[in-house]
Amino acid sequence: MDEAESISIISIVGKNNSDCGYCHSEDTSFTYGIWAHALSYSDYQSLIDRGWRRRSGHYVYKPDLRKSCCPQYTIRLDAQEFKISKSQRKVLNKFNRFIDGTWDPDTKSENTPQKKPPKPKNDQALTDIIHAAETQDKDYRHKLEPCQIVLEPASYTKEKYDVYCKYQTVVHNDKKEELSTKSFKRFLVESPMKVEKTTNTSVGYGSYHQKYLLDGKLIAMAVLDILPKCVSSVYFLYDPDYSFLGLGKYSALREISLVQDLNQQKGKDDLKWYYMGYYIHSCPKMNYKGQYQPSYLLDPLAYQWFPLAEYQKLLDTRSFVSLARPDKEDADPGVPPGWLDPGSLTREDLKKVLLLVEGGMVAPAVSVTSHTESSKLWKAIKEYVAAVGLQLSERMIIC
Ligand SMILES: [Zn+2]
């Protein structure tokens with residue numbers, strides 16, 4: 001890893017409340033945010049393991065699970081232990097049959113293949129079924145070129161933007177005039193992480209676009225972060241003309257198989273997790289994330305992982321659950337769950353927190369703010385340290 005790539009520089013954005021994107025209640029979603037100018041891969045890994053997430057571009061936030069109407073629990077799947085379900089297998093087979101021309105969604109009829117495609121056995125590995133769509137078998141009656149899946153560093157192209165606009169307007173009912181190349185770039189192209197240069201052919205860490213090309217045409221795209229321990233899904237968009245392919249579900253399986261490939265490629269045992277974003281128990285639309293097994297939720301108070309099913313049982317009865325510290329579930333310490341108490345932080349605690357000052361110099365925050373204990377900046381720094389925790393606060397530079 002480059003020296004330059006190992007430094008994180010952030011600005012404090014602070015607390016934010018907004019309308020809930022899941023149940024559409026007004027002003028019931030509470031978060032805390034930072035603006036990441038640069039993030040090292042390991043710092044971002046540490047952040048997401050404390051419930052943070054890159055929403056888009058450079059903005060990284062942490063929801064307040066106690067106060068928000070639809071609490072967002074960080075969910076991750078062990079890709080090495082992934083057990084594909086019957087319905088997930090169906091999604092893969094449908095996609096593969098469309099690619100090899102044995103299924104035509106227009107006529108709804110099954111074409112009889114010249115040679116019967118090999119029926120996937122129940123124990124066939126996920127990656128084998130996934131990669132079947134990319135291999136060419138001359139005996140098949142091909143309608144299309146094999147599907148090409150291309151992983152490339154996040155970048156802007158007109159083609160990506162066009163599919164994005166189509167997706168946002170048709171699937172999310174966004175108004176066309178609200179979309180722009182600028183907002184697209186800010187949302188899905190820009191990233192605080194540069195793609196790591198590797199000396200061999202293995203994929204480096206960083207922010208990527210995974211393109212789905214059919215006959216050379218872009219039909220879908222995943223925005224992904226590849227990190228030391230995981231692949232983290234940021235966003236997925238597709239051409240609505242191809243919605244019959246169930247691409248949302250397909251892409252999750254594709255990404256799980258990417259984790260498996262990376263695990264092999266890098267020979268790293270701990271690179272085995274697939275982060276799907278947040279699990280929202282109260283939102284049926286987002287519940288599908290729980291269907292990929294075995295999954296774990298991050299405990300909002302102790303930052304330990306427990307099996308999803310153990311939370312699900314309890315989330316049916318209440319919205320804020322801590323399996324690690326059930327005694328602290330109801331206690332309201334006046335700060336968001338998982339935070340340190342900003343009021344209890346001393347100057348000693350904060351002596352390693354660094355601030356970028358004029359001329360590109362770095363200085364301890366305590367020395368810069370020594371005469372202004374009660375200043376806005378000092379308060380903001382304490383709150384930030386409380387939110388990210390002491391360890392991360394000593395690694396990321398505030399600017
Ligand atoms: Zn809500």
Side-chain angles (χ1 to χ4, degrees), residues 1-16 18 31-63 152-156 180-197 204-209 223-230 232-235 275 277 339 342 350-369 375-399:
M1 202 189 288
D2 262 354
E3 276 277 295
E5 280 166 341
S6 65
I7 292 175
S8 300
I9 302 171
I10 65 97
S11 290
I12 298 168
V13 177
K15 284 182 179 161
N16 182 44
S18 61
T31 58
Y32 181 90
I34 56 175
W35 187 265
H37 305 277
L39 264 189
S40 74
Y41 316 117
S42 54
D43 286 348
Y44 185 48
Q45 180 74 62
S46 303
L47 278 168
I48 59 175
D49 286 333
R50 291 178 63 91
W52 294 73
R53 199 160 175 77
R54 192 162 85 83
R55 170 149 54 202
S56 61
H58 291 264
Y59 188 65
V60 187
Y61 74 111
K62 178 177 165 62
E152 62 180 29
S155 68
Y156 171 83
S180 67
T181 52
K182 199 180 161 194
S183 64
F184 171 69
K185 284 180 193 167
R186 281 186 69 146
F187 180 28
L188 297 174
V189 179
E190 289 169 12
S191 165
M193 288 174 288
K194 294 232 162 17
V195 166
E196 179 197 32
K197 288 181 190 77
Y205 303 130
S207 298
Y208 286 86
H209 286 166
V223 183
L224 304 172
D225 289 332
I226 298 179
L227 300 172
K229 285 196 252 169
C230 70
S232 169
S233 150
V234 181
Y235 204 68
Y275 285 63
W339 282 41
L350 275 63
K351 67 172 193 236
K352 286 185 185 157
V353 177
L354 296 173
L355 206 61
L356 197 66
V357 290
E358 258 174 77
M361 306 280 281
V362 169
V366 283
S367 71
V368 179
T369 56
S375 76
K376 249 180 145 178
L377 174 66
W378 189 237
K379 269 192 192 150
I381 290 175
K382 277 192 170 180
E383 206 174 56
Y384 156 76
V385 173
V388 295
L390 286 174
Q391 252 185 355
L392 270 166
S393 78
E394 292 172 3
R395 297 203 316 240
M396 304 193 291
I397 298 166
I398 306 170
C399 100

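If you're wondering where the values come from, they're calculated on a predicted model, not measured in any experiment. Heavy atoms only: backbone and side chains are in, while hydrogens, waters and symmetry mates are out. Numbers for residues simply follow the sequence, beginning at 1.
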Is there side-chain contact between [X] and [Y], with heavy atoms separated by less than 4.5 Å?
{"X": "L227", "Y": "Y275", "value": "no"}
{"X": "Y44", "Y": "V60", "value": "yes"}
{"X": "K15", "Y": "T31", "value": "no"}
{"X": "V234", "Y": "S207", "value": "no"}
{"X": "I12", "Y": "Y32", "value": "yes"}

Salt bridge (charged side-chain N to carboxylate O under 4.0 Å, His left out) contacts in which one or both residues fall within residues 32-48, not counting sequence neighbours: D43-R395
Tell me whether [X] contacts the main-chain N or O of [Y] through its side chain, where contact means a donor paired with an acceptor under 3.5 Å.
{"X": "Y235", "Y": "F187", "result": "no"}
{"X": "S8", "Y": "S40", "result": "yes"}
{"X": "Y41", "Y": "K194", "result": "yes"}
{"X": "Q45", "Y": "K229", "result": "yes"}

CA sep, side-chain torsions, deciding dist, call: L390, K352, side chain to side chain contact (heavy atoms under 4.5 Å, CB included): CA-CA 9 Å; L390 286 174; K352 286 185 185 157; over 6 Å; no
Within the supplied structure, the quantity of interest is the number of heavy atoms (other residues, nucleotides, ligands) at a distance under 6.0 Å from E152 CD; does it exceed 12? yes
Can you see which heavy atom on [X] is nearest to which on [Y], and at what distance?
{"X": "V388", "Y": "M396", "answer": "CG1-CE, 4.0 Å"}
{"X": "R50", "Y": "L392", "answer": "CD-CD1, 3.9 Å"}
{"X": "A154", "Y": "L188", "answer": "CB-O, 4.4 Å"}
{"X": "R54", "Y": "G57", "answer": "NH1-O, 2.8 Å"}
{"X": "I34", "Y": "V13", "answer": "C-CG2, 3.8 Å"}
{"X": "L350", "Y": "V366", "answer": "O-CG1, 4.1 Å"}

Using 0.5 Å steps for rounding, measure from the [atom1] atom of [X] to the [atom2] atom of [Y].
{"X": "S191", "Y": "L39", "atom1": "OG", "atom2": "CG", "value": "7.5 Å"}
{"X": "K185", "Y": "S155", "atom1": "NZ", "atom2": "OG", "value": "10.5 Å"}
{"X": "I398", "Y": "L354", "atom1": "CD1", "atom2": "CG", "value": "8.5 Å"}
{"X": "S6", "Y": "E196", "atom1": "OG", "atom2": "CD", "value": "11.5 Å"}
{"X": "I9", "Y": "L356", "atom1": "CD1", "atom2": "CG", "value": "6.0 Å"}

Take L224 and S233, measure what side chain to side chain contact (heavy atoms under 4.5 Å, CB included) needs, and give me the verdict at the end. CA-CA 5 Å; L224 304 172; S233 150; 4.3 Å; yes
Cut-off 3.5 Å, side chains only: do H37 and S11 have a donor facing an acceptor? yes
Of all residues at least two apart in sequence or in a different chain, which pass the ring-ring contact (aromatic ring centres under 6.0 Å, His included) check with H58? W35
Contacts of Y59 that satisfy ring-ring contact (aromatic ring centres under 6.0 Å, His included) - sequence neighbours left out: none
